[in-house]
Amino acid sequence: MNPRELIASLFTSPRLCIGDHVKSLIDRSDGTYCFRLNRDRVFYVSEKLMKLAATIPRQNLVSLGTCFGKMTKTKKFRLHVTALDYLAPYAAYKMWVKQSAEQNFMYGNHVMKSNLARVTENTPAYQGIIIYGSHDVPLGFGVAAKSASDMRHCDPMAIIAFHQADIGEYIRNEEVLT
């Protein structure tokens, strides 16, 4: 699979949770942006900056724009928390946790039913979601463990969202986060 097909497939993935809003990320009012693959990392960068970076040899280029995620060795895409601010406004499925559970999520734990404040209606199971705090601040990414209708009837200690990434990673993984 060539890099262009690879990047296109990332944003048609059902777990990315922004749907057709990828166009809003590319054609912005402040210019045109694009996605570039460099050393198994996907970067979100303005075309103006990309043209300036073209003068640097690719093997010497460490970073370019904002790192959205990386490709694993099995060629699966893993979102980085650095993409959260760009994806959160366009998320189709959202989950809010109680204020008492925000710190628990930011330590890397899954979301339990007892920690749930509210969730977007019709959220399907195993769908990518953005986790918000009680004050509408995006805290991270997750995957819904149950559908929204199943969440209402489950045990309070049941896991309803699997943790993927959170803003606490900036501190916990500071030396390896690019």
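Residues: numbered from 1 along the sequence shown.
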Look at the side chain of [X] and the backbone N and O of [Y], then say whether any donor-acceptor pair between them is shorter than 3.5 Å.
X: T120; Y: K94; answer: yes
X: H163; Y: N109; answer: no
X: K98; Y: S114; answer: yes

Do L37 and M71 come within less than 4.5 Å of each other through their side chains, counting heavy atoms only?
->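 Touching, per the 4.5 Å side-chain cut-off.
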Salt bridge (charged side-chain N to carboxylate O under 4.0 Å, His left out) contacts touching [range] (sequence neighbours left out):
range: residues 62-71; result: none
range: residues 77-92; result: none
range: residues 144-156; result: E121-R152

Heavy-atom closest contact ([X] atom, [Y] atom, distance):
X: A125; Y: A145; answer: CB-O, 4.3 Å
X: L84; Y: G140; answer: CD2-N, 3.7 Å
X: Y93; Y: T123; answer: CD2-OG1, 3.6 Å
X: Y86; Y: F68; answer: CB-CZ, 3.7 Å

Any chance you could measure [X], atom [atom1], to [Y], atom [atom2], to the nearest 0.5 Å?
X: M95; Y: I160; atom1: CE; atom2: CD1; value: 4.0 Å
X: H80; Y: T66; atom1: NE2; atom2: OG1; value: 12.5 Å
X: C67; Y: F43; atom1: SG; atom2: CZ; value: 4.5 Å

Quick one: do N38 and R36 satisfy side chain to side chain contact (heavy atoms under 4.5 Å, CB included)? Show the steps, please.
-> CA-CA 6 Å; N38 187 30; R36 289 294 177 252; 6.0 Å; no
Donor-acceptor pairs under 3.5 Å, side chain of residues 129-138 to any protein atom, not counting sequence neighbours: which ones?
from	atom 1	to	atom 2	distance (Å)
Y132	OH	A88	O	3.0
S134	OG	E102	OE2	3.0
D136	OD1	W96	NE1	2.7

Side chain to side chain contact (heavy atoms under 4.5 Å, CB included) partners of T55, counting only residues at least two apart |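 If we apply the side chain to side chain contact (heavy atoms under 4.5 Å, CB included) test to T55, skipping adjacent residues, there are no hits.
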Results of side chain to side chain contact (heavy atoms under 4.5 Å, CB included) for N122 - residues two or more places apart only | none
Between F162 and H110, how do the two ring planes meet: parallel, tilted or perpendicular, split at 30° and 60°?
->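 Perpendicular.
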Could you walk me through whether T32 and K48 pass the side chain to side chain contact (heavy atoms under 4.5 Å, CB included) test, one step at a time?
-> CA-CA 8 Å; T32 304; K48 184 188 285 185; over 6 Å; no
Do V81 and Y107 share a hydrophobic cluster, counting only Ile, Leu, Val, Met, Phe, Trp and Tyr and linking them when any side-chain heavy atoms are less than 4.5 Å apart?
->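 Cluster IDs for V81 and Y107 differ.
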